[in-house]
Amino acid sequence: MKKNAIISFCLIMLLLIVSIFSYNFYINTKTNDIRTINLKDLEYKEFNLSKEDYIEDFNFAYNTLKEHYPFFEVNKILYGIDWLNNKEKYEAYIADSKDDADFFTRMTYVLAELHNGHTHLMPEDFAMHMYMTYYPMPKNSWRHDIAKMYEKDNVRRRYNINNETVKKYVAENMKSDDEVNKTYSKNLMTKNIIKDKLAYIRISSLIGMEYINQDKDIVINYLNEIKDYPFLIIDIRGNGGGDSRYWQNFLLPKIIDKKYETKDYLFIKSGELYKKIFEQMHFNKDVKTFLDNSSFSSDVKDILKDFDGYSDGGSIIEPSDDSINFKGKIYLLVDNGVYSSAEMLASFCKETKLATLVGSRTAGDGIGVDPVQVDLPNTAFVMRFSNVMGVTESGSINELDQTVPDIIVQESEEDKTGYLENQKIIKAVMRDAGLSK
């Protein structure tokens, strides 16, 4: 009997442990609904900051970037700025901050000297958007930690985050399909430049998957109309990015007739801030061995040797069930306004030769992951910054080289306006396609 009792007890304990583990796993990995947010009330407090507080916040930002930021060498090469060596100059400039708003303006200038669109202090409206974006992430995710940062008392005070402003955001952004369609109906334009021969789609922004119902209807109907055309232009000039799923899960799968695949690499520095990212994204620490075995150029290896981890990445895009299986030639129009997720699309098309790129060099920083965010200790402003160095399989550093088009067309702003048929870049496509009159 004693033996049976012990066995029964052990089984009960095992079941209890499994249940606790399963419950914790469920709690930590389930998504969170922004409509359930219920924040505590905060007592109103003035910040009342001193010159020393502003200097301390600058130094916190400086040291954080010194330990974690990936693009200092790129900034030296492209712009001749040794940002880390300018510390005394920046510190003196920040010390003259008259108030919090002036500090924000001065820090914006200092961070702008890094020439990276993902690196800046958060303005108020964008901060709320970031909180709402990362709150639904599983609680054990490093991305959800960004949302938790926005729940700190002083960060909430700085960015006016409370139950009332959260509810207002939810009401404005969780609209019906009809309301969303009206909001985003101007995101996409289609036109037959030459009937039966040259089709055209312009995409202004890679809007989130929850907002693309209108784009879906337009794209699907138009693609079915032009599926037998010999030439298709996709115009992403001035597209600063957004949600990469727009082209990965929606646009390209409805066009292509076969699988396309790229391989790339992410390089990251170490530091306490990256501990969770390192684990959850499975970074490998043996950078030296990887570089020794790679075919990267000596210049690229020299830049990457100071990183502490790397991971394999890339994209695989396959035709969807309702793809038009386009057999013609695709042209992708790009310029220096193409950035982030749109840059990722440009790089993907260049690496896979899915499309012929036409225009001018893009702006870069498209191979990577969500930028990291930290709150400054005194002002409670949030600093956002890029966290990884993205490198193509061929050894091109995306932030350094960006994406160079196959056909170079330098345009002025005037060249991008007016009738499509008269634009220099469209004429270049028509010449290449043998369609010039």
Side-chain angles (χ1 to χ4, degrees), residues 20 23-61 64 94 97-108 111 120-176 179-180 183 208 210-211 272-273 275-277 280 370-385:
I20 292 171
Y23 175 76
N24 287 335
F25 179 80
Y26 169 74
I27 291 297
N28 285 322
T29 58
K30 78 181 186 73
T31 57
N32 309 287
D33 190 340
I34 61 175
R35 291 169 295 187
T36 65
I37 292 175
N38 186 21
L39 300 168
K40 69 177 183 180
D41 292 333
L42 289 180
E43 177 187 354
Y44 176 78
K45 286 184 181 179
E46 292 280 355
F47 279 88
N48 294 322
L49 301 177
S50 64
K51 170 182 172 179
E52 288 70 28
D53 291 325
Y54 296 135
I55 292 173
E56 183 181 349
D57 274 15
F58 163 74
N59 280 301
F60 177 88
T64 299
I94 294 297
S97 298
K98 298 177 179 62
D99 51 33
D100 295 3
D102 191 35
F103 170 81
F104 185 96
T105 300
R106 289 170 182 268
M107 277 296 296
T108 296
L111 295 175
H120 54 87
L121 293 189
M122 282 288 176
E124 185 172 311
D125 56 345
F126 198 26
M128 176 63 83
H129 176 69
M130 288 288 98
Y131 176 44
M132 295 292 100
T133 297
Y134 290 110
Y135 184 85
M137 302 292 179
K139 289 186 177 179
N140 66 344
S141 165
W142 65 269
R143 291 178 171 90
H144 184 73
D145 290 345
I146 295 175
K148 288 194 291 188
M149 178 196 62
Y150 281 105
E151 292 181 345
K152 291 182 178 181
D153 289 358
N154 271 350
V155 176
R156 285 182 53 197
R157 290 187 177 101
R158 173 60 66 193
Y159 289 109
N160 193 30
I161 296 174
N162 52 58
N163 288 327
E164 185 177 331
T165 56
V166 167
K167 286 178 182 177
K168 181 180 178 183
Y169 181 94
V170 171
E172 290 176 351
N173 288 273
M174 298 190 73
K175 301 175 180 177
S176 67
E179 291 174 308
V180 167
T183 303
E210 65 271 33
Y211 301 129
E272 189 63 28
L273 186 60
K275 186 176 180 182
K276 228 177 187 182
I277 299 176
Q280 294 183 351
D370 307 41
V372 169
Q373 300 181 41
V374 294
D375 57 307
L376 305 186
N378 298 309
T379 61
F381 285 120
V382 170
M383 180 175 70
R384 180 181 187 232
F385 62 92

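Not measured: the values here are computed from a predicted model.
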| message | If we ignore hydrogens and angles and just use 3.5 Å, is the side chain of R384 paired with the main-chain N or O of Q373 as donor and acceptor? | response | no
| field | Partners meeting ring pair (Phe, Tyr, Trp, His ring centres under 6.0 Å) with F104 (sequence neighbours left out) | value | F381
| What pairs with E151 under side chain to side chain donor-acceptor pair (under 3.5 Å), at least two apart in sequence or on another chain? | Y131
| Short question: side chain of R143, backbone of P136 - any donor-acceptor pair under 3.5 Å? | no
| task | Take M130 and Y159, measure what side chain to side chain contact (heavy atoms under 4.5 Å, CB included) needs, and give me the verdict at the end. | result | CA-CA 11 Å; M130 288 288 98; Y159 289 109; over 6 Å; no
| field | E56 side chain vs N378 backbone, donor-acceptor pair below 3.5 Å | value | no
| field | Those residues that, when tested against D375, pass side chain to side chain contact (heavy atoms under 4.5 Å, CB included) (two or more places apart) | value | M149, K152, V155, V382
| note | For K168, the side chain to side chain contact (heavy atoms under 4.5 Å, CB included) test, sequence neighbours excluded, returns E172
| task | Take S50 and D53 through the test side chain to side chain donor-acceptor pair (under 3.5 Å) and record every step on the way to the result. | result | CA-CA 5 Å; S50 64; D53 291 325; 3.1 Å; yes
| message | For N163, give me all partners under side chain to side chain contact (heavy atoms under 4.5 Å, CB included), at least two apart in sequence or on another chain. | response | N38, L39
| note | Sequence neighbours excluded, the answer for salt bridge (Lys or Arg N to Asp or Glu O under 4.0 Å) partners of K167 is none
| message | Given T379, which partner from the list F47, Y54, F60 fulfils the side-chain contact (heavy atoms from CB on, under 4.5 Å) test? | response | Y54
| request: Might you confirm whether atom NZ of K276 has over 12 heavy atoms from other residues, nucleotides or ligands at distances under 6.0 Å? | output: yes
